Structures are given as C-alpha cells and as structure tokens.
Colleague: 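Dumping the structure here so I can ask a few things about it.
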Amino acid sequence: MKERITGAEALMRSLEHQGVKTLFGYPGGSIMPTFDALYGHRDKLNHILVRHEQGAAHAAQGFARVSGEVGVCLVTSGPGATNTITGVADAMIDSTPIVVIAGQTPVNLLGTDAFQEVDLVGVTQPISKWSYQIRSAEDVAWAVARAFYIAKSGRPGPVVLDFTKNAQTEMVDYAPVELDFIRTYDPDPTIDEQAIQKAADMINWAKKPFVLVGQGVELGNAQEELRAFLEKGDIPCGCTLLGLSAIASSHPLNKGMLGMHGNLGPNVKTNECDVLIAVGMRFDDRVTGNLATYAKQAKIIHLDIDPSEFNKNVKVDIPVLGNCKKTLAMLTALLEEKKHTEWIDSFKEYEETEYTRVIEKEVCPKTGPLNMGEVVRAVSEATRNEAVLVTDVGQNQMMAARYFKYTRNRSIVTSGGLGTMGFSVPAAIGATFGRPDRTVCAFMGDGGLQMNLQELGTIMEQQAPVKMILMNNNYLGNVRQWQAMFFGRRYSFTPMVNPDYMKIAEAYGIPARRVMKREELQDAIREMLAADGPFLLETCVVEEGNVMPMTPPGGTVNEMLLEC
Amino acid sequence: MNKETKNTEPTMQVLPHREDLGGSIKSLYTIIVHSENIAGLLNQVTAVFTRRQINIESLNVSASSIPGVHKYTITAWTTQDIIEKVVKQIERKIDVLQANYFTDAEIYQHEIALYKVSTPEFQGNPMASKIVRRHSARIVEVNPVFCIVEKNGMSEEITALYDELRAQNCVLQFVRSGRVAITTSCFERVSEYLDMREEQYRQQKKEDNHE
Ligand SMILES: Cc1ncc(C[n+]2csc(CCOP(=O)(O)OP(=O)(O)O)c2C)c(N)n1
Ligand SMILES: [Mg+2]
C-alpha cells in the first residue's frame, strides 16, 4: 500500500486524510516545496491566500470556532511563522483547535542563523498545546496525525508543526497514519462517580443554586445536556463571554452575561447564591473581579476537562473532572426536580434596574448620535438573531456581546482571553468558510479594523460574504473610557484620525455605506444583509460613549457601577 | 492528596471551609516528573517554574527504570498552594506522564558531592583527614597537586563537610549533584499509571469495535 512520494506530498495526503478541505496561508522560501505540492491538490484543498500571516491564524481560529473542526494555516519560516504567533497565543488561551504548519530551514542549517531561521518550537512551546519540528519526511504522516489528535481532543488548543525544508523534499514511503492514543495524555478522563454524587447532593441541597456557563459547554458539544440540567434543577445561569451562545439568550433560565461589562443580575447573584456550579469556564479575572470578595458565601462545584483549572484562581469545594457532555448528563440523572421560583424571580429587580438605567438609554435613544448598542441590536434583529457574531476588541466587543441575541450554538467568535485587536476581520473570513450556510456579522472599532485592514484584500479576492459593521467613534474607545474614569480624562493617544472608509472599501470593490442618522440605520442594515457577498457598513456612533455597567478592575462583582 | 472516599449524607458538613489561595508558608518541595524522552521537554518543565518566578534549587534529569521514560527530580522553595498548581501545569504538557510533589517525609533522598583539595595543604593538616573520616567520605583520587574527596548523603551532611573543609582552607573546588529521590510509598505511581492507560485504551477499542 505504500507509495514513494516527497514529504511535501505526504503532508498534502495527510491533511486530506484528516478531512481538511480549507486552509489559510501565505507562501515563502522555506515552504515552497509544500506550496508546489499544494498546486497539485487544488481540487481537494481550498487554500485561501491571506494578506498577512496573522490573518491566516485568526481565519483558522474563526473557521474552527464556528465549525468545531480544526483550522489549518500554512506559512513560511521566520517572519511568516512569527506573524502567526498572536493567533497561536490567542488560540491557546481561548482553547481553539488550530494547526499551524510553518516552513523551516533545512536541518543542516539549523542553529546557524540561516536566512529566515527562527527557533519556532522554542518560541511557541509556552503558548501552544504542542509544538514539534518535523526533521525528516518519515515523520510527516505521524506528526500530522498527532497534531490533529492533540489540537481537537480534550481541551482543544493550537499545535505548531515546524516543517524543515529537507523533510519537504526528501522521499518517503507514505502510508496514512491513524492515531488515537498517546500514553502520556488523557483527553477523556475517567469520571469519578463519587464526585458526581457529592455534587448532585450539594445541588439538591441548594436553595439558591447558580450556574456559570463557559465555552467548555460548546467545545464539549454539551448544549443540550446543559439545558436539560438547568431545566430539571430549575437553576438560573450566567454565561461567560465565550459561553454566550451555549444556551439561547431567550431561555428563561439564562440571566445573561457574566464579567466586567456583563449584566447586573448574574454578577450580583454570584455573590448571593449558596451553590455555584461552574461548567467549562476558568474563573478569569474579567469574570471574578477581586478574588478576595468573589462568591465567598457559596459552595463551589467546578466541572472541567482540564484538571489544572481546579483551584487555579478560585478554591473549589467539589471538582468534577471530565467532559461536561458526560458529567452534566450524569449529574442531571441524580438531580431532584425542583422549583426555585423565588430565587429566580429575585433576578428581576436587577434586570429592571439595568434596563432603566443602562439598556434603554443605549438601545432606544430618541436623540443624539447613534449608539453602539442600538446598532448591534438592530443588526441582530435583522438577522432574526440567527447570525454568527464576530467581534473585534474594545467597546465594540462588549457592546456586541451584550446586545446581540443568540439563538444558535457556536455563534460568538471573539478574542476573549488575549483580547486581540484586529481579530474580527480575519476571524470573520474564516467563519464564512467554516459555516458557509450562515450569515456572519463582524462588529469592529475604527482602531481594530485598521489592525488587519489588509485582509479586505482577502475578502475581495474570495468574495467572502462578511458583513462588516464598523462602529466608528474616532477613538480607541475602550482605552479612552478608562482614561476618562481612572486617569482624569487625560486622553493620551486615544483620539484616532481615520481614513475615508468608503474610499477604502471602494478600492477593494466592496460595497459599502456610511450611516450617521438614526432614520437610515434600518435601511442600511437591510441593504447590507441583502447584498450578495461582503459589505462594509460604517456607523458613526457617539464619540465618547461608555460601556456600562462595569465592575472596575479589582472591584467586587456585586458592586457594579451603573453610570460613570 | 487522598480523595475523601466516604460519601454519606449532608455533604455540606463534611467539607471544610474554603480558604483563600495564595498565602501560607514556604518549604522545600521535591517534584518528581516522568516524561517521554523528547528534546525540548526540559524547557517546558522549567518554564512552568520561571513563569511563576520560582527558583529551582536543584534539578536532576536521567533515564528512569521504564524504557523510554525520563525522570526529573527538582527541588524548589515555595508554598503548598503554588506547588500544587505548578505540578498540575507540568502534567498538562502533552509528553509528561506524571508530575508529583513530595515533602522530605515522603521520600528517601540523596546527593553526591565532590571536593577537590590541595594535596600539600591536606597532608600538612591532620585535622583535614580526620574530618573526612568523621564524615564517612572517601578519597577517590590522590596526586601530588590535589586530592578528590567524595561524599554522598543528605544535603545538610554535604554542606557540613564543605564548611569544615573550608575552615581548614584547603578546598580548591566543590561541586554537588542535584538531589535524587525515591518515594517511600508502597505503590509505583508511574508504572501503574502506564498500565492503567494501556488497559483503558484496550477497553475503549473493544467498545468501539462492538459498536
Ligand atoms: C493588539 C492590541 N493592541 C492594543 C490593545 C489595547 N486596546 C484594547 S481596546 C483598545 C481600543 C480599541 O479601539 P477601537 O478598535 O476603535 O474600538 P472601540 O473601543 O473604540 O470600540 C485598545 C487600544 C489590544 N487589546 N490589542
Ligand atoms: Mg473606536
């Protein structure tokens, strides 16, 4: 069955063997033999030429996040490889399965400071799930099989393959490799039934239980298990930024978003509940605020697939290790059917307070310039809340996360842990390839759009149907807000001088429209969604708007500021 | 580290009150790591310490009794809270088999040290050879210029010999190995873990084939 082919050809076969159909990349010297092999596989492997390797990495992330499959990048050595680093770090902290394949100087030149040589394995080891140098063609099939297995199993993450040039050109007897076992790595840990029993007892005992929903629910494909669990126990929940679409926004038990700019109810109630059940989340400081005052009154149960998350930030009473698809189902089986009506009703007061003091003003203003919140809500509703939301970073991100409505799983693609400006455009490109059947709406700020502006070229070439909604406030708004609140309004380098985005869009042949007036908003959104292909909608929003409510950094979750 | 195995009723009472993470007292921990023998792994293991600004006191890496498996013995001063997290983060690396931490009570540990002393000074000073004998050290090499004294034992014994020899002004060079340690518990975590993993895999394959 073995066939004698080059290492580069073996890579192509191995990728196809893994079911890869789409990859994002950029060629260069050390990866040329591989791009040459790719030329012969264009019928099966759709390679998207990005305009910057950072774009390739974020596109792979966007692809992976919406599809649940592994996103793949193919880049050259040296600067090509280092340009992907931000994406690798981002995928690590947000548990996104991607495989970055980078060229490398031939083995005989390694360590000599050869042209475009970078110690990529050394650089990426601390920020990847696995990083490996392929030094001979013999290694290719095994390394690719191992890379995909590691990237997508257990807690997903990025894998880097450093592909030396000699390994690309050498000949090898190729046969596909199957790999589903690594003796040092257990992606599906055995579930401790006693822990399940203890957790169930505690939940059954609780009068005021509260669930924190993290991205682990989406990664474990446990959205249905979560819903069944919440409904049987009649337990309200809050979602982390990355967990927002794990349960429909409209579900009566979904009390909204956790965190610094999340909703008031779930934050306040975190410090009132008697049992806190965290599912597939990692108690990030943007969620917990000051740890010394975080949920001190509660017993804490933590469901996670990664044992190193237990007691990392918050000491837990009952850790439950395992895939939450299984652990949630096992817990549900042991749950008593309950009603916590009074407890659930107690959220209302906070919902009303937040509505009158924050949301209403943000979403339904009668006068003044456009608000970010009203733009987001209008776009969300125009897609019947069914679109994939991609965000950049900053005020636009928080506003989009807060005011978008989620009805379907895997519908939020945002850079949570790393907070990478420039994420949205390339990630949205990736998302259109990952789920071509869905509408992809990318919200961004004027700062963030310019951080990967070059990817408009990719959108143009591919006609990738990204609906870009620029919320232009002529500021690095998020930083400006902090300067206003904590640095005495000293706007140090946050005003942004902007180009004419209509002209930029025009240069790329991307249809575009600028909206300044409230009356035009709906029509412009209709035009954007009706367009067959990409569209740039620039909304000129209030310049000095603030994202509220807010738990200031190091603050206490039940003491959110409602205005500033 | 033992899991509470009793599971009777109201769970609430059984659980001690949660305490804040962080704080508490520092002590010297011995961390034993078993991993695949793969280039670059040492970096990954030490990086976990560096990231948390923990100084590694000693580090010893060698082949273990299990073919293809390397053993790291690391000592570091830190708190129980931190060492627990460090060990879990090391274990999280794909090619690490197991990482555990121990206090001195849970291990038998030894170090070896070499002391190079000047022969004229050494022979001209009767105290020096007395010290060597009293510490049950051995002289493993003698030539007209220098002698080499070898001593193995606990860290403090090695330091004690060094201090005394130095007081005699005859030490030219001194080197000590990192600590090597063996656990004193009756079960062998690593080989049992490996057996368990292989068994699980066979089980899983069987189930998959039945489906
Ligand atoms: C790569 C990168 N650089 C800097 C930052 C710090 N930062 C966070 S939000 C922000 C402002 C973003 O401005 P803009 O894109 O216009 O969005 P807005 O907040 O105005 O909606 C900055 C500079 C970051 N998160 N990422
Ligand atoms: Mg802005």
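Computed from a prediction, not measured in an experiment: that's the story for all the values here. In the text below, chain A, chain B and the rest are named by the order of the sequence lines, each starting its count at 1.
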Colleague: Looking at A:Glu309, is its backbone amide N or carbonyl O close enough to the side chain of B:Lys85 to form a donor-acceptor pair, meaning the two atoms are under 3.5 Å apart?
Modeller: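 Side chain of B:Lys85 to backbone of A:Glu309: no pair is present.
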
Colleague: If you count heavy atoms of other groups shown closer than 6.0 angstrom to CZ of B:Arg52, is the number above 12?
Modeller: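 Atom CZ in B:Arg52 is packed in, count exceeds 12.
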
Colleague: Between CD1 of B:Ile94 and OH of A:Tyr132, what distance do you get to the nearest 0.5 Å?
Modeller: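 Here the interatomic distance stands at 14.0 Å.
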
Colleague: Show the numbers, then the answer: is there a side chain to side chain contact (heavy atoms under 4.5 Å, CB included) between B:Lys205 and A:Asp180?
Modeller: CA-CA 10 Å; B:Lys205 279 273 114 164; A:Asp180 62 354; 2.8 Å; yes

Colleague: I'd like to verify something: which residue of A:Ile150, A:Thr190, A:Asp188 has the highest number of heavy-atom pairs under 4.5 Å with chain B?
Modeller: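 The residue among A:Ile150, A:Thr190, A:Asp188 with the greatest pair count is A:Ile150.
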
Colleague: Heavy-atom count around A:Glu193 CD within 6.0 Å, excluding the residue itself: above 12?
Modeller: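 Not more than 12 within 6.0 Å, no.
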
Colleague: So do B:Asp81 and A:Lys315 actually touch side chain to side chain, heavy atoms under 4.5 Å?
Modeller: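 When only atoms from C-beta onward are counted, B:Asp81 and A:Lys315 do touch, with a gap below 4.5 Å.
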
Colleague: Any side-chain heavy atom of A:Thr184 within less than 4.5 Å of one from B:Lys93?
Modeller: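 Heavy-atom side-chain distance check fails, nothing below 4.5 Å.
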
Colleague: Measuring heavy-atom distances to chain A, does B:Leu194 have an atom under 4.5 Å in its side chain, in its backbone, in both, or in neither?
Modeller: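 It is the side chain, since no backbone atom gets that close.
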
Colleague: Is chain B contacted by the side chain of A:Phe310, its backbone, both, or neither, given a heavy-atom distance below 4.5 Å?
Modeller: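 For A:Phe310, backbone and side chain are both near chain B.
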
Colleague: So does B:Ile182 have more than 12 non-hydrogen atoms from other groups sitting under 6.0 Å from CD1?
Modeller: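 Result for CD1/B:Ile182: open.
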
Colleague: B:Arg92 and A:Ser308: which non-hydrogen atoms are nearest, and at how many Å?
Modeller: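 Nearest heavy atoms, B:Arg92 then A:Ser308: CD-OG, 3.1 Å.
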
Colleague: So which part of B:Gln200 gets closer than 4.5 Å to some heavy atom of chain A, the side chain, the backbone, both or neither?
Modeller: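 Contact with chain A is through the side chain of B:Gln200 alone.
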
Colleague: Quick one: do B:Lys88 and A:Lys312 satisfy side chain to side chain contact (heavy atoms under 4.5 Å, CB included)? Show the steps, please.
Modeller: CA-CA 10 Å; B:Lys88 282 198 256 179; A:Lys312 188 183 76 178; over 6 Å; no

Colleague: Indicate whether the side chain of B:Asp95 and that of A:Tyr185 have a donor and an acceptor atom separated by less than 3.5 Å.
Modeller: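 Not at all, the side chains of B:Asp95 and A:Tyr185 share no donor-acceptor pair under 3.5 Å.
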
Colleague: Looking at B:Arg51, B:Gln44, B:Gln89, which makes the most heavy-atom pairs under 4.5 Å with chain A?
Modeller: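 Heavy-atom pair counts peak at B:Gln44.
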
Colleague: Can you name the ring pair (Phe, Tyr, Trp, His ring centres under 6.0 Å) partners of B:Tyr162, sequence neighbours left out?
Modeller: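 Scan of B:Tyr162 (ring pair (Phe, Tyr, Trp, His ring centres under 6.0 Å), adjacent residues dropped) gives B:Phe174.
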
Colleague: Between atom CZ of A:Arg183 and atom OH of B:Tyr201, what is the distance when rounded to the nearest 0.5 Å?
Modeller: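 Taking CZ in A:Arg183 and OH in B:Tyr201, the distance rounds to 14.0 Å.
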
Colleague: Around B:Glu199, counting heavy atoms of other residues, nucleotides and ligands shown, do more than 12 lie under 6.0 Å from its CD?
Modeller: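 Counting other residues, nucleotides and ligands, CD of B:Glu199 exceeds 12 neighbours.
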
Colleague: Do side-chain atoms of B:Arg197 reach the backbone of A:Ile182 as a donor and acceptor pair under 3.5 angstrom?
Modeller: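 Looks like yes, one N/O pair under 3.5 Å.
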
